[in-house]
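For reference, the structure is listed below as structure tokens.
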Amino acid sequence: MNVRWCIGDKLIGAMAILVLFVTVGYYGATQGYLKNRFEDYFKAKTTEWFEIYYKEHNNSWEGIKEMKISDELVQRNLDQREIALLSPDGNILFFRGPDDPGSLIQQGKRNAVTINGTTVGTIYIDRWESTEDYLLKKYILDSMRTSSFRVPILTGIVALLLGVWLTRKLTQPLNRLIPAIQKIAAGELHIRVPVTTRDEFGKVTEALNHMAQQLFRTEEARKHLTADVAHELRTPLSIIQCHMEMIQEGGRDIPPETLLPMQDEVIRLSKLVDDLHQLTLAEAGKLQLDRSPTDLVPLLDRIIDMLKPEAEERHIDIVRSYPAQTLNAFVDPNRITQVFYNLLTNAMRYTSSGGRISIRITESSHDESHFTSVSIADTGVGIAAEQLPFLFDRFYRVEESRSRHTGGMGLGLAIAKEFVEAHRGFISVQSEVGRGTRFTVDLPCA
Ligand code: ATP
Ligand code: MG
């Protein structure tokens with residue numbers, strides 16, 4: 001069903017019920033409630049006239065019997081009504097009417113005349129309103145009855161127009177969203193819908209734009225990943241293929257030095273597959289972390305011991321600055337070893353002979369949480385400021401050609417970032433070309 005109809009019929013239905021409700025209420029109010037209010041008013045008005053008479057004659061009914069019919073006040077107030085006034089002990093004080101007062105006392109309406117809380121008489125009357133009042137009441141009630149039919153017709157028309165207008169207004173943003181959703185579903189991920197309101201429709205539009213942007217990024221990342229993986233596979237595979245051809249052409253026994261480059265490339269390929277697997281797991285949030293309170297000092301020392309022979313050979317000074325007391329981080333030691341191994345091998349790789357690598361452990365805090373902060377600073381080649389934002393991207397290498405021979409595949413820092421963030425930690429870099437680079441890793445304290 002069309003959204004406009006779906007909303008429209010409900011809205012107009014609700015308005016019709018409202019109009020019906022108002023009509024019944026209005027009719028009931030005018031013809032029932034208002035009639036009673038008139039009756040009460042006229043009753044009070046007639047009674048009040050007798051009260052005034054009583055008070056004006058020194059709190060007595062003196063002379064009421066002789067009250068002149070032609071008296072202007074009597075004319076106006078009592079006109080052609082049948083009326084009798086009885087004293088509290090039942091004596092007829094005043095009567096006016098064609099028959100005897102008996103039938104009026106039995107059938108008529110009555111009300112007590114009360115002065116200062118004491119009943120001084122009872123009025124019996126055939127009707128409370130005078131002819132003038134009756135005509136006025138009739139005029140008002142009649143015109144209200146007529147209007148109680150006109151008003152709902154008019155209100156109905158207004159409600160219908162309002163309903164159509166509101167339906168259009170409500171469905172307008174949806175009509176803009178639906179084609180955009182269809183285009184996104186068809187793969188046009190660059191589509192964005194302008195956010196024009198701050199209401200729920202605005203929020204839905206924002207969410208849709210955000211979703212499209214995320215899909216666009218994911219799609220771009222997927223395309224890049226495929227391209228990067230293909231690129232990374234091409235070189236080792238062509239090297240292996242080349243050597244295989246040479247071996248086939250030679251037709252001799254294969255010497256170990258011919259097999260060695262092939263083995264290197266196979267190791268490289270295995271590492272690539274392994275790194276990609278870990279990165280995918282981390283990005284999907286499916287990385288298994290076996291966390292425990294870990295002292296980072298022995299963990300770093302073990303990596304440094306592995307790198308020591310190369311450092312000594314190249315006269316690279318490794319300086320450690322550890323805190324006096326043990327600072328335990330709450331981490332998975334294997335994953336974190338991988339992070340620091342990559343940072344330290346990078347530092348070794350990009351620091352020339354005679355340089356220095358400084359490792360420092362301190363305590364830090366972010367948003368009232370405590371962290372163990374490890375900084376690894378080198379005096380190496382450094383990284384240009386414009387390269388820094390991309391450093392943690394997959395397959396990013398500062399100098400493609402240089403890194404291809406001397407370095408790895410550009411996955412180490414991307415993995416490090418994912419691993420650190422999986423621990424709810426932070427990794428950052430500062431660098432200056434020609435002076436060196438400092439990586440800082442903050443890991444939650446145990
Ligand atoms: P992998 O770690 O996957 O074997 P890689 O070391 O080339 O390969 P990353 O560790 O992600 O990849 O580093 C990405 C790039 O950042 C490196 O290729 C290098 O250009 C640059 N880089 C990293 N650390 C340093 C450093 N300490 N000094 C200078 N450049 C660095
Ligand atoms: Mg690396």
Side-chain angles (χ1 to χ4, degrees), residues 221 224-225 227-236 264-283 287 300 303-304 306-307 310-311 314 316-320 334-360 374-422 425-441:
H224 283 145
L225 182 67
D228 288 339
V229 172
H231 178 76
E232 288 304 322
L233 288 175
R234 197 175 299 128
T235 319
D264 277 353
E265 292 307 324
V266 169
I267 292 170
R268 204 176 158 80
L269 279 176
S270 306
K271 185 176 178 294
L272 170 68
V273 171
D274 200 40
D275 283 356
L276 277 174
H277 176 63
Q278 298 208 32
L279 194 59
T280 315
L281 279 183
E283 281 176 346
L287 199 69
L300 284 162
I303 304 170
I304 292 164
M306 280 191 269
L307 299 173
E310 190 191 337
R314 292 174 53 210
I316 292 173
D317 195 11
I318 298 181
V319 184
R320 299 170 231 201
N334 291 329
R335 306 286 186 196
I336 290 304
T337 301
Q338 213 172 323
V339 171
F340 289 126
Y341 182 79
N342 179 56
L343 293 179
L344 283 165
T345 48
N346 282 354
M348 283 288 283
R349 199 179 281 158
Y350 301 107
T351 303
S352 40
S353 298
R356 192 174 63 244
I357 297 172
S358 315
I359 301 144
R360 195 182 161 85
V374 181
S375 79
I376 296 169
D378 61 56
T379 55
V381 291
I383 305 157
E386 63 270 19
Q387 314 259 23
L388 289 178
F390 311 103
L391 209 63
F392 295 99
D393 289 356
R394 318 180 183 115
F395 295 111
Y396 189 79
R397 289 179 295 228
V398 170
E399 267 179 63
E400 279 271 326
S401 55
R402 181 190 74 188
S403 307
R404 176 78 224 156
H405 300 291
T406 58
M409 280 167 293
L411 284 173
L413 286 178
I415 293 173
K417 184 170 186 279
E418 291 295 335
F419 279 13
V420 169
E421 285 177 358
F426 307 93
I427 184 165
S428 60
V429 61
Q430 292 160 298
S431 189
E432 210 178 306
V433 175
R435 298 201 67 174
T437 307
R438 175 192 299 275
F439 282 93
T440 310
V441 177

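Start at 1 and go down the list; that is how both ligands and their atoms are numbered.
For the pair Tyr350 and ligand 1, the shortest N or O to N or O distance falls below 3.5 Å. For ligand 1, the polar-atom distance check against Met409 finds a nitrogen or oxygen pair separated by under 3.5 Å. Geometrically, ligand 1 and Leu411 share a nitrogen or oxygen pair separated by less than 3.5 Å. Residue Gly382 has no N or O atom closer than 3.5 Å to an N or O atom of ligand 1. For ligand 1, the polar-atom distance check against Val398 finds a nitrogen or oxygen pair separated by under 3.5 Å. By the 3.5 Å distance cut-off applied to N or O atoms, Gly412 is counted among the residues near ligand 1. Taking any N or O of Arg397, backbone or side chain, none lies under 3.5 Å from an N or O belonging to ligand 1.
Of the possible donor and acceptor atoms, none in the side chain of Thr235 sits under 3.5 Å from a partner among the backbone N and O of Glu232. Thr379 places a side-chain N or O within 3.5 Å of a backbone atom of Arg356 that can act as its donor or acceptor partner. When atom types are taken as modelled, the side chain of Asp275 and the backbone of Leu411 share no donor-acceptor pair closer than 3.5 angstrom. Remark: the backbone N or O of Met348 is paired with a side-chain donor or acceptor of Arg314 at under 3.5 angstrom. Proximity of a side-chain donor or acceptor of Ser352 to a complementary backbone N or O of Val381 within less than 3.5 Å is not detected.
Remark: distances from the non-hydrogen atoms of Gly410 to ligand 1 include one below 4.0 Å. Contact analysis puts Arg349 in contact with ligand 1, with a non-hydrogen atom separation below 4.0 angstrom. For Phe392, the closest heavy-atom approach to ligand 1 does not fall below 4.0 Å.
In this structure, CD1 in Ile316 is found 9.0 Å from CG in Asp378, a value given to the nearest 0.5 Å. With values rounded to the nearest 0.5 angstrom, Leu233 atom CG is found 6.0 Å from Leu269 atom CG.
When distances to the Mg ion (ligand 2) are checked against a cut-off of 2.8 Å, Thr345 contributes no N, O or S atom below that limit.
Atoms of ligand 1 lying under 4.0 Å from at least one heavy atom of Tyr396, given by number and element, are 14 (C), 15 (C). Atoms of ligand 1 found under 4.0 Å from any heavy atom of Asn342, numbered from 1 in the order shown, are 2 (O), 10 (O). Close contacts between ligand 1 and Leu391 involve ligand atoms 16 (O) [criterion: under 4.0 Å to a heavy atom].
The angle that Asn342 OD1 and Asn346 OD1 make at the Mg ion (ligand 2), rounded to 10°, works out to 110°.
A donor-acceptor contact closer than 3.5 angstrom is absent between the side chains of Ser375 and Arg360.
Of the candidates Val433, Leu413, Asp275, Val429, Leu413 brings a heavy atom nearest to atom 9 (P) of ligand 1.
Contacts between Asp378 and ligand 1, counted as non-hydrogen atom pairs separated by less than 4.0 Å, involve the side chain only.
No side-chain heavy atom of Arg438 sits under 4.5 Å from any side-chain heavy atom of Val429. Within the 4.5 Å cutoff, side-chain heavy atoms of Asn342 are placed close to those of Leu413.
For the side chain to side chain contact (heavy atoms under 4.5 Å, CB included) with Lys417, the lone residue among Val339, Ile427, Leu391 that qualifies is Ile427.
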